[in-house]
Amino acid sequence: DSVGDDLFTPPVNFAMVEEGIFRSGFPDSANFAFLQTLNLRSIVCLCPEPYPEANVEFLRSNGIQLFQFGIEGCKEPFVNIPEDRIRDALGVVTVDVKNHPLLIHCKRGKHRTGCLVGCLRKLERWCLSSVFDEYQRFAAAKARVSDQRFIELFDVSSFKN
């Protein structure tokens with residue numbers, strides 16, 4: 001039946017990273033019904049702007065916890081990605097599975113989300129070429145050397161699994 005088909009609209013660039021972890025661009029009210037099907041416990045937002053009231057209300061009514069790590073979205077290359085924020089966000093994603101299922105998002109689900117997922121993959125001992133393949137699949141024409149350099153240099157040795 002085609003009546004319900006358009007009710008479940010995933011956010012832009014939505015994908016499953018692995019069991020219990022999803023990624024996307026910024027969800028809006030058109031995506032809420034879809035997000036409810038994921039039974040999320042947490043959202044990791046990588047944008048510095050205040051979370052929109054409609055989204056806050058959605059989280060409240062669904063018992064979803066918001067973890068916000070404000071990272072500026074930058075157009076110019078050689079932007080400094082704040083490593084401490086990526087580390088903190090990675091802690092939320094990896095350390096406590098009580099936070100799962102969770103959704104990681106930034107504005108478009110490309111660069112900031114791509115960096116965080118890339119660092120997660122390093123933690124999971126993926127080879128760099130696979131990490132970059134995944135990053136590029138989402139960033140496409142917007143892939144940034146600076147992002148990939150950040151991922152490449154990211155030191156996972158201090159993380160305890």
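Reckoned from all heavy atoms, side chains included, excluding hydrogens, waters and symmetry mates. Just so you know, residue 1 is the first one in the sequence shown, and it goes up from there.
In this structure, Ile81 is a member of the same hydrophobic cluster as Val93, with clusters built from ILVMFWY side-chain heavy atoms closer than 4.5 Å. Connection of Phe8 to Phe14 is established within a shared hydrophobic cluster, with ILVMFWY side chains joined at heavy-atom distances below 4.5 Å, either directly or through further cluster members. Connection of Leu38 to Val56 is established within a shared hydrophobic cluster, with ILVMFWY side chains joined at heavy-atom distances below 4.5 Å, either directly or through further cluster members. The cluster map of Ile, Leu, Val, Met, Phe, Trp and Tyr, joined by side-chain heavy atoms under 4.5 Å apart, puts Val97 and Val44 in different clusters. Hydrophobic clustering (side-chain heavy atoms under 4.5 Å, transitive across Ile, Leu, Val, Met, Phe, Trp, Tyr) keeps Val12 apart from Phe22.
Other residues, nucleotides and ligands contribute more than 12 heavy atoms inside 6.0 Å of the CD atom of Glu53. Surrounding CZ of Arg121 are more than 12 heavy atoms belonging to other residues, nucleotides or ligands, all under 6.0 Å away.
Residues Leu123 and Leu90 meet the side-chain proximity criterion, which asks for heavy atoms closer than 4.5 Å. Counting heavy atoms from C-beta on, the side chains of Asn31 and Pro10 never come closer than 4.5 Å. When side chains are defined from C-beta on, Lys142 does not count as touching Arg108, because their heavy atoms never get closer than 4.5 Å. Contact check for Ser42 versus Phe67: side-chain heavy atoms found under the 4.5 Å cut-off.
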| Ile21 and His100: CA distance, side-chain angles, deciding distance, side-chain contact (heavy atoms from CB on, under 4.5 Å) verdict | CA-CA 7 Å; Ile21 303 176; His100 294 188; 3.8 Å; yes

| message | Show, in sequence, the C-alpha distance, side-chain angles and deciding distance for Ile86 and Phe150, and conclude whether the side-chain contact (heavy atoms from CB on, under 4.5 Å) test is met. | response | CA-CA 11 Å; Ile86 292 285; Phe150 175 84; 3.8 Å; yes

| task | Using the side-chain contact (heavy atoms from CB on, under 4.5 Å) rule, take Phe69 and Val92 through it: C-alpha gap first, then chi angles, then the decisive distance, then the call. | result | CA-CA 10 Å; Phe69 301 94; Val92 170; 3.6 Å; yes

| message | Test side-chain contact (heavy atoms from CB on, under 4.5 Å) on Phe138 and Asn13; report intermediate values, then the result. | response | CA-CA 7 Å; Phe138 289 92; Asn13 262 329; 3.8 Å; yes

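Checked against the 6.0 Å centroid threshold, Phe26 and Tyr51 count as a close aromatic pair.
Arg87 forms a cation-pi arrangement with Phe154, by the criterion of a distance under 6.0 Å to the ring centre and an angle within 45° of the ring axis.
The backbone N or O of Asp28 sits nowhere less than 3.5 Å from a side-chain atom of Asn55 that would complete a donor-acceptor pair. Panel note: side chain Arg41, backbone Leu102; no donor-acceptor pair is recorded below 3.5 Å. Using a distance-only test at 3.5 Å, with no hydrogens or angles considered, no donor-acceptor pair links the side chain of Lys122 to the main chain of Asp155.
Considering all non-hydrogen atoms of both residues, Ser24 and Thr113 come closest at O-OG1, 4.0 Å. Pairing each heavy atom of Phe34 with each of Pro11, the nearest pair is CD2-CD, 3.9 Å. The two residues Ile104 and Leu116 make their nearest non-hydrogen contact at CG2-CD2, 3.6 Å. The minimum heavy-atom distance linking Gly109 with Cys106 is given by the pair N-SG, 3.3 Å. Minimum interatomic distance between Cys47 and Gln68 (heavy atoms only, all atoms of both residues): O-NE2, 2.7 Å. Contact detail for Ile71 and Arg112: the closest heavy-atom pair is O-NH1, 2.6 Å.
One side chain, Arg144 or His111, offers a donor N or O that lies under 3.5 Å from an acceptor on the other.
Residues Glu18 and Arg23 are not paired through a salt bridge, judged by the lack of any N-O separation under 4.0 Å between the basic side chain and the carboxylate.
The OG1 atom of Thr37 sits 13.5 Å away from the CZ atom of Phe32 when rounded to the nearest 0.5 Å. Within the model, atoms SG of Cys119 and CD of Glu83 stand 7.5 Å from one another, a figure rounded to the nearest 0.5 Å. Rounding to the nearest 0.5 Å gives a distance of 12.5 Å between CD1 of Ile64 and CG of Asn99. With rounding to the nearest 0.5 Å, the separation of CD in Gln36 from OG in Ser61 is 7.0 Å. If you take CD1 on Ile43 and CG on Leu66, they are separated by 7.0 Å, rounding to the nearest 0.5 Å.
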